[in-house]
Structures are given as structure tokens and as C-alpha cells.
Amino acid sequence: MTGDAGGDMLSWDESVFRDESVFEIDHVPETFRHRESQLESLKYALRPAVRGSRPLNTMVRGPPGTGKTTAVQKLFGELGARTDVRTVRVNCQVDSTRYAVFSRLFEGIFDYEPPSSGISFKKLFGQITDRLVEEDDVLVVALDDVNYLFYENEASDTLYSLLRAHEAHSGAKIGVIVVSSDLGLDVIDDLDTRVQSVFRPEEVYFPVYDAAEIYDILFERAKRGFHDGVIGDAELERVAELTAESGDLRVGIDLLRRAGLNAEMRASKTIAEEDVESAYDKSKHVHLSRSLRGLSESERALVRVLAENDGERAGTVYEAFHDETDLGYTRYSEIINKLDQLGVIEAEYADVEGRGRSRELSLAYEAEAVLDRLE
């Protein structure tokens with residue numbers, strides 16, 4: 001199915017893509033469909049900020065790939081263009097400590113990064129709130145993937161500082177949107193009681209897209225990203241079908257891009273079903289790739305050890321991990337808990353004769369797929 005030497009072949013300077021950036025995972029689409037009620041709920045919470053008051057705090061929840069980040073980016077873009085409200089989205093997978101979060105807020109407000117060392121949290125916090133009071137600005141902070149703050153035991157301190165800012169610095173107006181893709185995490189219950197008493201957020205839930213919605217969204221992406229005639233109805237339906245099986249829209253967006261690249265590799269002007277099927281082997285692991293990308297060196301080392309010792313008991317895995325990193329059991333146990341919460345591994349307690357209860361560890365993905373993405 002490589003076409004012939006005539007009009008079905010790409011010349012060396014041609015592409016199937018009209019705009020390849022449309023298929024980037026963090027691309028914010030011009031048209032954002034099937035999330036009208038969620039957007040209205042978020043706008044309701046943010047409306048006081050437009051009037052110069054503190055907005056309502058909001059908790060956005062839903063499985064991965066359901067439009068949560070895109071919704072926040074879309075609204076923040078509108079606020080920035082039409083109002084004086086300051087907005088900062090923090091990717092907590094990258095900035096997973098209180099200090100890192102506030103460094104990102106400092107950068108968002110002052111347009112330059114704070115000094116990398118020598119400045120205390122108290123001073124950093126004070127400079128941020130002083131500027132907000134001075135300018136009489138409202139700040140809306142989105143803690144995207146807030147679950148990572150919980151994995152590092154930083155969530156309560158971070159939220160406490162944000163939510164109490166107006167008490168510590170009279171006149172400071174900060175609203176918080178927390179965004180979580182971990183449905184096993186109970187955001188409120190897992191916070192300290194001192195935070196629970198002040199954090200009573202509006203809740204906005206983003207469900208998995210249904211099959212018709214997935215097709216509609218992917219059709220729109222394909223129309224904007226590919227030249228006319230590159231992908232046919234049958235191939236697009238297959239992409240939508242595979243995406244629905246995964247439950248993650250990001251799989252479908254990545255799948256469209258990879259299928260287009262596969263067509264180009266064959267020098268074809270059109271995407272064939274074989275391009276879609278071969279691309280799916282990589283695209284189906286988009287969530288795994290993203291999770292691994294955010295891990296530290298020691299966390300990646302443990303994932304590698306697990307992949308190489310899949311099915312072994314925790315004690316055996318620990319010995320191999322300790323040999324590689326020289327880290328102790330406490331840190332090992334913390335990383336196991338984090339990887340379990342992330343869905344990279346499954347850690348279950350089992351009764352072992354003569355030894356009581358022991359954790360059995362297994363990868364949530366094929367070992368080969370994990371090792372490939374650790375390279």
C-alpha cells in the first residue's frame with residue numbers, strides 16, 4: 001500500500017501535515033467541544049475575580065485525557081486577554097514542592113525567575129503578596145496535576161500558604177483551582193485538618209468522552225492538522241475506536257500524529273489502516289510516557305529495577321534497588337507508594353507463610369514497554 005510513482009507519492013519537500021502542532025498533547029484548540037457545562041462552572045467560580053474580588057476555590061477532577069488542563073488554559077487565555085486578572089498555571093508534575101510552586105508564581109508575576117538560592121520561602125511569599133497588594137491585582141493559581149504534591153507530602157503546606165495569604169498579608173487576593181487526574185485520591189480527606197477548615201471548593205467533574213464525542217474532536221483535529229484527503233472516514237473511525245478503548249483522548253491525538261508520520265515514511269499522501277495499527281503500539285502508552293517523564297533519577301532507577309525483576313517480592317526488589325542507588329528502605333517505600341498511586345505499578349499485600357504479610361509488586365504495563373520509555 002505504498003502507492004505508485006504517480007500522484008499518490010509524496011515528493012521530498014511535501015508533507016501530509018497542514019499544521020503538525022495541532023497534534024501536540026498540550027495544544028489548546030480553537031474550538032473546545034463537549035465541555036460547555038464544565039466551562040460554565042469554572043467561569044462561575046472565576047467571575048468574582050473579574051470584579052476585583054477573590055474567586056471561589058475550585059476542584060477539577062476527572063480521568064486523564066478528559067480536557068481538564070485544556071479547559072483551564074482556555075479560560076486563563078480569555079482572562080488574560082480581556083481582564084487584569086493575573087493567572088498562573090503550575091504543572092505540579094514538574095514543580096512538586098511548595099517552594100517550587102511559589103517560584104513559578106513569582107516568575108508569573110515578575111516575569112523573571114527568583115534567585116536559585118539564598119532566598120527563603122517567607123521572603124519569596126512576601127514579595128509575591130506585596131506585589132499583588134501594591135497593584136491591587138487578583139491572582140488565580142491552577143495547581144495542575146495536584147496529585148503530585150500529595151505524592152511528595154507537599155499539598156497541605158502549599159494550599160495552606162495560598163489559602164491563608166489574605167490573612168498573612170492583608171489585601172492579597174488569591175484563588176486556587178486544583179486539578180487532579182488521580183481518581184483514587186480524595187483531595188479533601190488527604191489534606192491536613194487546618195487546610196480542610198478553609199478549603200471548601202466548588203467541584204467540577206470531567207467524565208470520559210463518549211465514542212461520538214471522541215470522533216467529533218478527532219475529526220476537528222484532523223481537519224486542522226492534515227491536508228484535505230489525507231485521512232479517510234474508515235481510518236479516522238478506527239483511530240476513534242482505539243481511543244475510546246483507552247478512555248484517554250490524548251491517545252487519539254498522538255495516534256493521529258504518528259499515523260501521519262508513518263504515511264510520510266512510506267512516502268504516501270494518505271494514511272492507511274496499517275499506519276494507524278502500527279502507530280497504536282506506541283500511542284497507547286502515552287500516559288506511561290508522561291508519568292515516567294516526571295520521575296526523578298532514583299524513581300526511574302526503581303522502575304527499571306522493577307521492570308528487570310517483574311513479579312519478584314518487595315524484599316528482592318529492594319536489594320537490587322539498594323545496590324544500584326545506595327538509598328535506604330524508607331525512601332524505597334516512599335517511591336513504591338508514589339509509583340503505585342501513579343498507576344505505574346501495582347503493590348498489593350499478600351500473606352507469606354512464616355513471614356506475615358509482604359507486598360507483591362508488579363508493573364501495570366509490559367516490562368518491555370516500560371524499559372523502552374526509560375531509555
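Residue numbers count from 1 along this sequence.
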**Student:** Between F23 and F226, how do the two ring planes meet: parallel, tilted or perpendicular, split at 30° and 60°?
**Tutor:** tilted
**Student:** Does the ring center of Y329 lie less than 6.0 Å from the ring center of H322?
**Tutor:**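 Ring centroids of Y329 and H322 are no less than 6.0 Å from each other.
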**Student:** Applying salt bridge (charged side-chain N to carboxylate O under 4.0 Å, His left out) to R194 and D157, what does each step give before you reach the verdict?
**Tutor:** CA-CA 10 Å; R194 66 193 169 118; D157 284 346; 2.4 Å; yes
**Student:** Angle class for the F219/Y215 ring planes (parallel below 30°, perpendicular above 60°, tilted otherwise)?
**Tutor:** parallel
**Student:** Hey, are S21 and D19 close enough side-chain-wise for a donor-acceptor pair under 3.5 Å?
**Tutor:** yes
**Student:** Go through the side-chain N and O atoms of S181 and K68 and say whether any donor and acceptor fall under 3.5 Å apart.
**Tutor:**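 S181 vs K68: donor-acceptor pair found between side chains.
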**Student:** Do S296 and E299 have side-chain atoms, one donor and one acceptor, less than 3.5 Å apart?
**Tutor:**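 Yes, a side-chain donor-acceptor pair sits under 3.5 Å.
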**Student:** If you measure from the Lys or Arg side-chain nitrogens to the Asp or Glu carboxylate oxygens, is any gap between R35 and E40 under 4.0 Å?
**Tutor:**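 A salt bridge is absent here (no side-chain N lies under 4.0 Å from a carboxylate O).
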**Student:** Please work out whether the ring planes of Y332 and F321 are parallel, tilted or perpendicular, with thresholds of 30° and 60°.
**Tutor:** tilted
**Student:** Can you name the residues that form a ring-ring contact (aromatic ring centres under 6.0 Å, His included) with Y151, not counting sequence neighbours?
**Tutor:** Y148
**Student:** Classify the side-chain pair S180/R61 by whether it contains a donor and acceptor separated by less than 3.5 Å.
**Tutor:**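 On atom types as modelled, these side chains do not qualify, holding no pair under 3.5 Å.
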**Student:** Regarding S11 and D13, is there a side-chain donor-to-acceptor distance under 3.5 Å anywhere?
**Tutor:**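 Checked: S11/D13 side chains pair up, N/O donor to acceptor below 3.5 Å.
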**Student:** With sequence neighbours left out, write down each residue that passes ring-ring contact (aromatic ring centres under 6.0 Å, His included) with F150, or none if nothing qualifies.
**Tutor:** none
